[in-house]
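Note that the structure is predicted; figures quoted are calculated from it, not measured.
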Amino acid sequence: SSPPRTCRATGGMADKPRPAVEDIQNPTKAGWLTKQGAIVQNWQRRWFVLDRDWLHYYKDKTSGSPKGSIHLRTCNGVRRAEGSNRPNCFVITTPQRTYYCVADTQEEMEEWLRAIGKGIVMATTTEWDDTSDRLDEAQQ
């Protein structure tokens with residue numbers, strides 16, 4: 001297989017990975033979410049792949065490069081979207097943008113909240129102790 005594609009990111013960040021879906025081996029989590037657009041506030045179904053400290057989203061499962069990527073190291077947090085008129089909606093916040101995502105089921109939403117939350121903690125701390133999983137307590 002070919003090496004993952006990369007391109008120079010804007011905003012002073014280092015190279016942002018731009019892997020094709022097929023290039024990501026053993027992702028932490030992958031699945032369909034519906035995401036609100038940044039400029040036109042419409043909702044689009046996207047294939048999301050959580051790969052270590054990056055959350056990539058694609059037009060579909062066979063896309064050659066992501067439509068966008070969120071570096072978990074820069075995330076402020078992930079939480080349920082309280083008061084949203086869409087069920088199973090959650091929010092990922094970064095200094096540049098707030099991402100609204102909707103899962104198909106409440107169980108899927110809970111899985112994404114746990115996986116992204118744990119990814120943020122792992123990306124922003126030097127040590128992670130799986131035996132004291134604070135995320136489950138914080139999200140009860």
Item to complete: Just do the side-chain contact (heavy atoms from CB on, under 4.5 Å) check on Arg80 and Gln106 with the steps written out, would you?
Response: CA-CA 10 Å; Arg80 289 176 187 83; Gln106 182 170 350; 5.6 Å; no
Item to complete: Could you check if a side-chain atom of Val91 sits within less than 4.5 angstrom of a side-chain atom of Val78, using non-hydrogen atoms only?
Response: no
Fill in: Path from Leu55 to Leu113 over hydrophobic side-chain contacts below 4.5 Å
yes
Discussion item. side-chain contact (heavy atoms from CB on, under 4.5 Å) for His56 and Ile70? Distances and angles first, verdict last.
Written reply: CA-CA 6 Å; His56 305 288; Ile70 303 168; over 6 Å; no
Worksheet item: Given side chains that start at C-beta, do those of Trp112 and Lys29 come closer than 4.5 Å, heavy atoms only?
Response: yes
Worksheet entry | Same apolar cluster (I L V M F W Y, side chains within < 4.5 Å links), Tyr99/Ile120 | yes
Worksheet item: Do His71 and Trp54 touch side chain to side chain, with heavy atoms closer than 4.5 Å?
Response: yes
Worksheet entry | Nearest non-hydrogen partners of Gly37 and Arg97, listed with the distance | C-NH2, 3.9 Å
Worksheet item: If every non-hydrogen atom of Asp23 is compared with every non-hydrogen atom of Pro19, which pair is closest and at what distance?
Response: CB-CB, 4.4 Å
Worksheet, complete the sentence: Heavy-atom closest pair (Leu72 atom, Arg52 atom, distance to 0.1 Å) is CD1-O, 3.8 Å
Discussion item. Test your reading of the model: is there a side-chain donor-acceptor pair from Glu82 to the backbone of Arg79, 3.5 Å cut-off?
Written reply: no
Fill in: Beyond-backbone contact of Thr98 with Tyr100, side-chain heavy atoms, under 4.5 angstrom
yes
Worksheet entry | Val21 with Phe48, same ILVMFWY side-chain cluster at under 4.5 Å | no
Item to complete: Would you indicate whether the side-chain heavy atoms of Thr28 and Asp51 approach each other to under 4.5 Å?
Response: no
Practice prompt. Determine the minimum heavy-atom distance between Met109 and Phe90, stating which atoms define it.
Written response: CG-CD2, 3.7 Å
Fill in: CD (Gln41) with more than 12 external heavy atoms under 6.0 Å
yes
Worksheet entry | Min side-chain heavy-atom separation Ile92-Cys101 under 4.5 Å | yes
Worksheet, complete the sentence: Heavy atoms of Lys59 and Lys67 approach each other most closely as N-CG, 3.6 Å
Practice prompt. Working to the nearest 0.5 Å, report the span between CZ of Arg73 and CG of Asp53.
Written response: 5.0 Å
Response to the item:
Output for pair (Lys35 NZ, Asn42 CG), nearest 0.5 Å, gives 8.5 Å
Discussion item. Whether the side chain of Ser84 engages the backbone of Ala81 through a donor-acceptor N/O pair (distance < 3.5 Å, no angle test) should be reported.
Written reply: no
Item to complete: Evaluate the side-chain proximity of Pro27 to Val49: yes if any heavy-atom separation is below 4.5 Å, no if none is.
Response: yes
Worksheet entry | Check against side-chain contact (heavy atoms from CB on, under 4.5 Å), Leu33 and Arg46 | CA-CA 6 Å; Leu33 293 170; Arg46 298 286 183 235; over 6 Å; no
Discussion item. Let's go through Arg86 and Trp43 carefully: what are the C-alpha distance in whole Å and the side-chain angles of both, what is the deciding distance for side-chain contact (heavy atoms from CB on, under 4.5 Å) to 0.1 Å, and is it a yes or a no?
Written reply: CA-CA 11 Å; Arg86 288 181 174 259; Trp43 293 84; 3.0 Å; yes
Fill in: Ala30 versus Trp47, closest heavy-atom pair with distance
CB-CZ2, 3.8 Å
Practice prompt. Tell me, yes or no, whether the heavy-atom count around Gln44 atom CD, taken from other residues, nucleotides or ligands under 6.0 Å, exceeds 12.
Written response: yes
Worksheet item: Are the side chains of Tyr57 and Pro66 in touch, meaning some heavy atoms are under 4.5 Å apart?
Response: no
